[in-house]
Amino acid sequence: MSANNNDQAFLDILNLLTVDQLKPRFKSCPAAGTAPTRKAELTRAIKAWLSGDGLALVWQSLSPLEQQAVRTSLYCSDGWFDERRFAAEFGTLPAWFTERYHYYHTPAEQYKLGWFFYPPARYQGGQRIPDWLQQRLKSLVLPPAVAQLQPDELPTPLPANTVIVERERAAARELRLMLVLLQEGELKVSDKTGLPGKALLQKLSSRLEEYYPDDPCEDAPGGAHIKAFGWIMLLQASRWVRRKAGRLVLTAEGLKQLSAPLHQIQRQLWLDWLDSQVLDEFSRIDIIKGQTGKGAKWLTSVPDRRHAIAAALAESPVAGWVSYPDFSRFMLTAGHEFEITEEMGALYIFDRHYGALHNANWEMLQGRYLRCVLLEYAATLGLIDVVLAPPDHPEPDYDNVWCGEDLQCLSRYDGLLYVRLNAFGAYCLGLSKDYEDPSASQQTPLTMQKGYRLQFNQPPSEAELLLIEGYADGLDEQGWQLSVEKILTLLENGGSLTPLRDFIARRDPQPFLPQDSEQLLASCEANARAVMPAGTMLLLHCRDEPTAAAIAAHPLTAGLCLAAGDNRLLIEPHREQNFRRALHQAGYGMG
């Protein structure tokens, strides 16, 4: 926009205000002189004052907090004053933004910010520094310091019932377990929703060493299954996993990944999850209702929210603890904020009318989503380590909501106190080009023995266990036995025995496999496709065996059915009507 257009646009904005709104602005700076009484003269006087030395005089007369309001609006939000962000960074708001409507009770001193902030249009809310004024201010006002997260010291000793949970190496072990269960077809989910059932979550949690041994908060059950749920959704979001008949199975490409280093698999799981649409994690905040039905259309893009959190994590100090409140505040002050919904009034607690969250703050909505993503996904996958307390430990920030004072916690994730980006997390977020996983290159010597037994000279590494568990059953810490069931399952799903043969060849000095092991592998390869599904068939029961034989042999029906022994026939479902007509012509009826 040209200078002349900006001049006129500023005058237009001044003309939106009444004389009673303009005069206090003018009077707040005595050096500006006596305020004109007519509106046209008053608007010209304000513009003239700001066009000259008056702008610097007003700026210098502002308090430090007021100067920060101008500075952050000017450089961080295109002139708009962001109350949520400012309050998060400075803890309070200048009086101009809370008292400006009380014309007869507000001291003139508090109207100084009114020289800078104006409503941008007649029916538009908010306060903004007009473009004309922004151009002049940028030569006078320095940019704010870049927001940075500083590492914090953990309290010593830690409060009671508070624990440090290190995830970098533990996540790799858990991923190996999940991939084995995936290969064995043990991960069952709903065909409709893709969500795991309670039985599967309990089974997984018993093997994963969950964050909480049991549900620590009655108001938000499920705290004992956070890792289990997170792993299921992370795997389901992967390009290497698909849903088949209510189970999660590896694709052909996924089976090839089993020979890749674990940290590379984990990193790809993170990248795939960031952009996936499998689940909106906000739905995990069960106590907040209104997320389905009409309320669903107001919910914002889930990948956008995740990427905002990932960007903030990427600016965290590696290997340094950061308190959750500091991290949440940094999301706002560093420009990584996101929205959950475009209509907060659609969400509610307990009652759609009385419990509507019209004025929910950042911590109530975004904060709960943020905690969920950090604990259930980033920590579960091993990017961050965490410090946890029971969910009802922190000071509640929801007791001003209808019936909020009766709640022990608002989510099962409320106990998150500190996070620490570890070396693996830095690798996943692109802060380091590679990740040193000492187990990835380890080649533990082994001997392939008769009886299909693989005997390692010492306990194998996590990466080696990942591959071998797809083909064999563990006998003890160093001994494994090839499993026909596992091998056939893998081959049925498009896998190959090549990774196993290469794995053994690099570790076993023997030039050939024992004869029984070679025969076992050859037999599995030959018989993996011995039986092929022919499609769904309709089973019919005839009154007796002679009737079944007569129908199966009749010229009109023989081509439409198959004899299935005794008094049974098989027909293809889409041929049922043709079979019924032919059956009638042959003199038989079907109930």
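All values below come from the heavy atoms of this structure, side chains included, with hydrogens, waters and symmetry mates left out.
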If only atom types and distance count, is the side chain of Ser483 paired as donor or acceptor with the main-chain N or O of Asp473 below 3.5 Å? no
Option passing side chain to side chain contact (heavy atoms under 4.5 Å, CB included) with Arg412 (candidates Asp219, Ile285, Ile226): Ile226
Charged N to carboxylate O below 4.0 Å: is that the case for Glu343 and Lys297? no
Taking NZ, NE, NH1 and NH2 as the nitrogens, is one of them in Glu174 or Arg167 under 4.0 Å from a carboxylate oxygen of the other? yes
Would you indicate whether the side-chain heavy atoms of Trp480 and Leu465 approach each other to under 4.5 Å? yes
Whether the Glu477 and Gln458 side chains hold a donor-acceptor pair (N or O, under 3.5 Å, no angle test) is what I'd like checked. no
Look up atom CD in Gln443 and atom CD in Glu464, then write down how far apart they are to the nearest 0.5 Å. 7.5 Å
Between Tyr369 and Arg305, is there a cation-pi geometry (under 6.0 Å to ring centre, at most 45° from the normal)? yes
Report the residue from Asp516, Leu521, Ile487, Val484 that forms a side chain to side chain contact (heavy atoms under 4.5 Å, CB included) with Tyr452. Asp516
Can you tell me if Glu218 has over 12 outside heavy atoms packed within less than 6.0 Å of its CD? no
Just checking, any donor-acceptor pair under 3.5 angstrom between side chains of Tyr324 and Glu363? yes
Has Arg207 got more than 12 heavy atoms of other residues, nucleotides or ligands less than 6.0 Å from its CZ? no
Could you tell me whether Arg284 and Glu281 have a side-chain N and a carboxylate O separated by less than 4.0 Å? no
Using a 6.0 Å cut-off, check whether atom CG of Asp351 has over 12 heavy atoms from anything other than its own residue. yes
Arg453 with Asp476: basic N within carboxylate O range, under 4.0 Å: yes
Applying side chain to side chain contact (heavy atoms under 4.5 Å, CB included) to Trp231 and Leu175, what does each step give before you reach the verdict? CA-CA 8 Å; Trp231 275 120; Leu175 174 59; 3.8 Å; yes
Other residues, nucleotides and ligands only: do more than 12 of their heavy atoms fall within 6.0 Å of CD on Glu518? yes
Could you tell me whether a side-chain N or O of Arg507 sits under 3.5 Å from a main-chain N or O of Phe503, the two making a donor and an acceptor? yes
Can you tell me how far apart CG (Leu570) and CG (Leu560) are? Round to the nearest 0.5 Å. 13.0 Å
Please confirm whether the backbone N or O of Thr547 pairs with a side-chain atom of Asp544, one donor and one acceptor, at under 3.5 Å? yes
